[in-house]
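A quick write-up on the structure given underneath.
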2 protein chains.
Amino acid sequence: MGTTKTEIFTEKQNKLAGMMKALGHPARIAILQYLVKKQACVCNDIVGELGLAQATISQHLAELKKVGLINGTIEGTSVCYCIDAKVWEHFKTVFEGFFVKYVNKDNCC
Amino acid sequence: MGTTKTEIFTEKQNKLAGMMKALGHPARIAILQYLVKKQACVCNDIVGELGLAQATISQHLAELKKVGLINGTIEGTSVCYCIDAKVWEHFKTVFEGFFVKYVNKDNCC
DNA sequence: CCCATCAATCGCAATATTACGATAAATAAA
DNA sequence: TTTATTTATCGTAATATTGCGATTGATGGG
């Protein structure tokens, strides 16, 4: 128990849920919004922006990297992060695809 | 520790993250897809559709209800569920608003 | 009334997530 | 070389999530 039963769902369902989950934390939302706002690579002043410890930010960055939403490139002694435009677009498309499917009929409730 | 530090984020960031989190599990994705496919109120044959115990499904339904995505109306001895069109539309709009903000410039990474 | 059925809730166990201090590894500056 | 800075990782603690069996409360049929 305690583990999600991924084997009973389709690959697509698991993938979509994973994408949503990656965005399911305010720190990760904030990080992405910051990167979007800066419209450029951003060295890790993210730690200064949010009120979380460096180790915690690093963990959140790793999760965003895991789903491919951000890239990090080593820049001397620090690391620069930016949004992966292609993956960002993919997320957008997949999410739109999910929500577009519902056409409002006359439901009872 | 262990708790998300909601107080350091904006209301909007917390809300958006909460919405994403609600969709961050394949069972909840599957439930919504099923309701969308049926395009109608659906009594709890959802339990038969997915391979999860009744108690577990009930929990997932409760979470979807919590964010308002579905409504449940008592129909005799069973309960009928359907998607809340207004909230569905709201999710769609908010998600689109989040993703639209990124315009691809020439980034370094 | 008595029994069957359906769905929410309780209680529990297993696992995942969040957060942070401490440490390690890498590079830059002195 | 020594020191400072930056970031990933480790270890740990607190809390949340997932899943299920059992129970409860409600309704309908007999």
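Here the structure is a predicted model, which is why all the values come from computation and not from measurement. By convention in this document, chain letters (A, B, ...) are assigned in the order of the sequence lines, proteins followed by strands, and residues within each chain are numbered from 1. All values below come from the heavy atoms of this structure, side chains included, with hydrogens, waters and symmetry mates left out.
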Got a second to check how far A:T4's OG1 is from A:N14's CG, nearest 0.5 Å? 8.5 Å

Measuring from B:I29:CD1 to A:K15:NZ, what's the distance to the nearest 0.5 Å? 14.0 Å

Check every strand shown and say whether A:S78 touches a base, only sugar-phosphate, or nothing at a heavy-atom separation below 4.0 Å. sugar-phosphate

Within the 4.0 Å heavy-atom criterion, would you say B:S58 contacts the bases, only the backbone, or no part of the nucleic acid? base

Measure the shortest side-chain to side-chain distance between [X] and [Y] over non-hydrogen atoms and say whether it is less than 4.5 angstrom.
X     : Y     : value
A:V67 : A:F91 : yes
A:W88 : A:V36 : yes
A:E96 : A:K92 : yes
A:L16 : B:L23 : no

Check B:L64, B:L69, B:I83 against B:L35 for a side-chain contact (heavy atoms from CB on, under 4.5 Å) and give me the one that passes. B:I83

State which residue, out of A:V42, A:L32, A:V87, fulfils the side-chain contact (heavy atoms from CB on, under 4.5 Å) condition with A:I70. A:L32

I'd like to compare against my own output: the B/S/- annotation of nucleotides 22-30 of chain C with a strict under-4.0 Å heavy-atom distance to protein. B----SS--

With a strict under 4.0 Å distance from non-hydrogen atoms of chain A, what nucleotide opens and what nucleotide closes the contacted stretch of DNA chain D, reading 5' to 3'?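 With heavy atoms of chain A under 4.0 Å away, the range is D:dT5 to D:dC20.
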
Rounded to whole Å, how long is the line connecting atom [atom1] of [X] with atom [atom2] of [N]?
X     : N      : atom1 : atom2 : answer
B:E63 : C:dT9  : CD    : P     : 13 Å
A:I57 : C:dA19 : CD1   : P     : 9 Å
A:L61 : C:dC20 : CG    : P     : 14 Å
B:Q59 : C:dT15 : CD    : P     : 17 Å

According to the interplanar angle, ranging from 0 to 90°, do the rings of A:F99 and B:F95 count as parallel (below 30°), tilted (30 to 60°) or perpendicular (above 60°)?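 Geometry flag for B:F95 against A:F99: perpendicular rings.
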
Classify the angle between the aromatic ring planes of B:F9 and A:H25 as parallel (below 30°), tilted (30 to 60°) or perpendicular (above 60°). perpendicular

Treating A:R28 as the side-chain partner and A:A22 as the backbone partner, does any N or O pair qualify as donor plus acceptor under 3.5 Å? yes

Position toward the 5' end of DNA chain D (nearest nucleotide), A:V47 or A:F9: A:V47

Looking at B:T3, I'd like to know whether one of its side-chain N or O atoms comes within less than 4.0 Å of OP1 or OP2 on C:dT18.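 Looking at the OP1 and OP2 atoms of C:dT18, neither is under 4.0 Å from any side-chain N or O of B:T3.
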
Contact residues, residues 19-27 of chain B to DNA chain C [heavy atom, < 4.0 Å]: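 Contacts with DNA chain C under 4.0 Å: none.
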
